2 protein chains.
Amino acid sequence: MRISELSRSTGVPVPTIKYYVREGLLPPGELTSRNQAIYDETHERRLRLIRALLDVGGLKVAAIAEVLRAVDDPARPVHKVLGAVADQLGTARSEDDDAESLAAGAAVAELIARRGWSAHASDPAARDLARALAAMERVGHGAFRELLDDYAEAAELVARADLGYVDRRVAVDDLVESVVIGTVLGAAVFHAMRRLAHVDASARLFGQDTAADAERKVAD
Amino acid sequence: MRISELSRSTGVPVPTIKYYVREGLLPPGELTSRNQAIYDETHERRLRLIRALLDVGGLKVAAIAEVLRAVDDPARPVHKVLGAVADQLGTARSEDDDAESLAAGAAVAELIARRGWSAHASDPAARDLARALAAMERVGHGAFRELLDDYAEAAELVARADLGYVDRRVAVDDLVESVVIGTVLGAAVFHAMRRLAHVDASARLFGQDTAADAERKVAD
DNA sequence: GCAAGCGGATAGTGGCGCTATCCGCTATCT
DNA sequence: AGATAGCGGATAGCGCCACTATCCGCTTGC
């Protein structure tokens, strides 16, 4: 397969494919001469994965490069890959040591203890959670903490479902890739689902014209 | 309060405040002369909200402008505001009419019917969900659909919690703003929580050194 | 009376995900 | 054998976005 066919079969423009290769997201084609290379279905598959992580997962190109490095690592301990993926999904970078952040960090540590989770408050995900709670506090919604256990319940439900799914796919396909896809795209799926559930809840509470509104909105 | 004090009290640089005013995120200060204006605690509050939606919620400046326009609308039907917010949280823009998208759209319509949700498949959230499922299909994970009902269960749980929270805040504070904050920041909270639950699940499945890994990672 | 700060306007910056162009070479068609 | 389309690789540029820097003439407060 030449690059133009790879482009056609995936819908990704040729210059973009070249760009992905440059950025280390996609392995280069195998050279058959100084300026001719062939690509196969692994490239096609990888390209589709890249687009999914980019368009639906919302990951940055650099983040995808790091995730794929972990995926391609021959000695790939699954939970390390999961950790690499989870880190790229986050936002927190700097240390926050204002009053709200410290309080939020303590609340997160309590939650982890209460839930008996095998995670540490220094985990990037825990830091992001603390960041979000600190932001809630700053806009006068510190009381949102009361929902943490409900959220945790739902998160456990989702995590259990994800694990079961990955477990079922072990024999079928590449385990590591399943974990990556489940984690990243699963987040997008849940995010959309939560919005949909809110639409339903809002319709029940505030009026029954929501579906009609949606119709009209789409017609615009 | 002058602009420099507003900047000091919120941590937002003065030129950035001016930028937000230009973009319509923040109302201008009240002029006391041709080139002097005063700001009050409503500006402070609004500025904190903007930063939360931007930094934690991940909304774009233009999206925040649209959300705040809805919030400030004197005749503000709550479910309209919620709709405006939900739309800004999404990603889908174009029509997808390939095979995967059509199948995914049908799956979403079925889910909505099965759940009895008062939402329509043309709702932006439903489209985003279909988009995510189509992406799953394209990377060979069409079987992920088996998890949809588990996800829906979790989403309902979260939506119920959110509604209860908003209900509790009706008397206390501005209802519309609570809805916005709960929707946007709640998404960030859940996203972090899901990652945390995955860390726990991964630790249980693949090894008990995850907490130690997190410690080491932070030390880097 | 004068430096510091102000509101407002305009232009510039850095990061990111591409995209356009050019080069010399090769595969393929006639 | 010659023409043409396409190739890999390199470099430069683009469009968007969230700021940021600079400048202007004008107050304010010491």
Side-chain angles (χ1 to χ4, degrees), chain A residues 1-40 43 46-68 88-89 91 93-94 184, chain B residues 1-40 43 46-68 88-89 91 93-94 184:
Chain A
M1 188 193 300
R2 284 163 288 182
I3 201 172
S4 62
E5 194 184 336
L6 181 60
S7 167
R8 227 173 302 117
S9 79
T10 58
V12 179
V14 170
T16 304
I17 296 175
K18 290 181 175 184
Y19 166 66
Y20 292 158
V21 172
R22 277 201 307 279
E23 296 299 314
L25 304 197
L26 188 68
E30 198 183 340
L31 284 176
T32 61
S33 31
R34 186 165 296 277
N35 67 339
Q36 298 290 299
I38 49 165
Y39 302 83
D40 57 24
H43 291 94
R46 172 56 62 95
L47 209 36
R48 279 192 236 279
L49 175 58
I50 291 168
R51 292 309 277 225
L53 297 182
L54 201 57
D55 295 342
V56 179
L59 264 62
K60 293 177 178 190
V61 165
I64 295 175
E66 237 179 280
V67 167
L68 294 181
Q88 299 306 323
L89 277 176
T91 48
R93 277 294 146 256
S94 60
V184 178
Chain B
M1 190 192 299
R2 283 163 289 186
I3 201 172
S4 62
E5 194 185 335
L6 181 61
S7 168
R8 227 174 301 116
S9 80
T10 58
V12 179
V14 170
T16 304
I17 295 176
K18 290 181 174 184
Y19 166 66
Y20 291 158
V21 172
R22 275 201 308 277
E23 296 299 315
L25 304 197
L26 188 67
E30 197 184 341
L31 285 176
T32 59
S33 28
R34 186 165 297 278
N35 67 338
Q36 298 288 298
I38 50 165
Y39 302 83
D40 57 25
H43 291 94
R46 173 57 61 94
L47 209 37
R48 278 192 238 279
L49 175 58
I50 292 169
R51 292 308 277 226
L53 297 181
L54 200 59
D55 296 342
V56 178
L59 264 63
K60 293 176 178 191
V61 166
I64 296 175
E66 237 179 280
V67 167
L68 294 182
Q88 299 307 322
L89 276 176
T91 47
R93 278 291 147 259
S94 60
V184 179

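Bear in mind the structure is a predicted one, so any value in this text is a computation, not a measurement. Numbered from 1 within each chain, the chains take letters A, B, ... in sequence-line order.
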Next item on the list: Would you kindly give the CG-to-C1' distance between L54(B) and dC17(D), to the nearest whole Å?
Entry: 11 Å
Notebook entry, point to check: Under a 4.5 Å cut-off applied to non-hydrogen side-chain atoms, are L68(B) and I50(B) in contact?
Noted result: yes
Check: Considering residues, nucleotides and ligands other than R48(A), do more than 12 of their heavy atoms fall under 6.0 Å from its CZ?
Finding: yes
Notebook entry, point to check: Does some side-chain heavy atom of L25(B) sit less than 4.5 Å from a side-chain heavy atom of V61(B)?
Noted result: yes
Notebook entry, point to check: With nearest nucleotides of DNA chain C determined for T32(A) and I38(B) from heavy-atom distances, which residue corresponds to the more 5′ nucleotide?
Noted result: I38(B)
Note to self: Please determine whether a side-chain nitrogen or oxygen atom of T16(A) lies at a distance below 4.0 Å from atom OP1 or OP2 of dT19(C).
What the structure shows: yes
Next item on the list: Evaluate the side-chain proximity of T91(A) to V56(B): yes if any heavy-atom separation is below 4.5 Å, no if none is.
Entry: no
Item checked: Polar pair under 3.5 Å, donor/acceptor by atom type, side chain K60(A), base dG17(C) -> no
Check: Atom CD of Q36(B) and atom C1' of dT28(D): how far apart are they, to the nearest Å?
Finding: 6 Å
Check: Contact class for R22(A) (heavy atom, under 4.0 Å): base, sugar-phosphate, or nothing?
Finding: base
Margin query: Please compare R51(B) and R34(B) by the position of their nearest nucleotide in DNA chain D and report the one closer to 5'.
Written below: R51(B)
Item checked: Nucleotide dG8(D), atom P - distance to CD of E30(A) in whole Å -> 13 Å
Note to self: Rounded to whole Å, how long is the line connecting atom CD1 of I17(B) with atom P of dA18(D)?
What the structure shows: 17 Å
Check: Taking the side chain of P13(B) as heavy atoms from C-beta outward, which of dT20(D), dC7(D), dG9(D) is closest to it?
Finding: dT20(D)
Notebook entry, point to check: Atom OH of Y19(A) and atom C1' of dG15(D): how far apart are they, to the nearest Å?
Noted result: 14 Å
Check: Nearest to the side chain of I3(A) - dC7(D), dT20(D), dG7(C)?
Finding: dC7(D)
Next item on the list: Whole angstrom is fine here: how far is it from CG in L25(A) over to P in dC16(C)?
Entry: 13 Å
Check: Which listed nucleotide (dG17(C), dT26(C), dC19(D)) is nearest to the side chain of V61(A)?
Finding: dG17(C)
Item checked: Separation of atom CG in L6(A) from atom C1' in dC7(D), rounded to whole Å -> 14 Å
Next item on the list: Could you check if a side-chain atom of L26(A) sits within less than 4.5 angstrom of a side-chain atom of Y19(A), using non-hydrogen atoms only?
Entry: no
Check: Side-chain N or O of S33(A) less than 4.0 angstrom from OP1 or OP2 on dC7(D)?
Finding: no
Notebook entry, point to check: Just how far, in rounded Å, is P of dC26(D) from CG of L31(B)?
Noted result: 15 Å
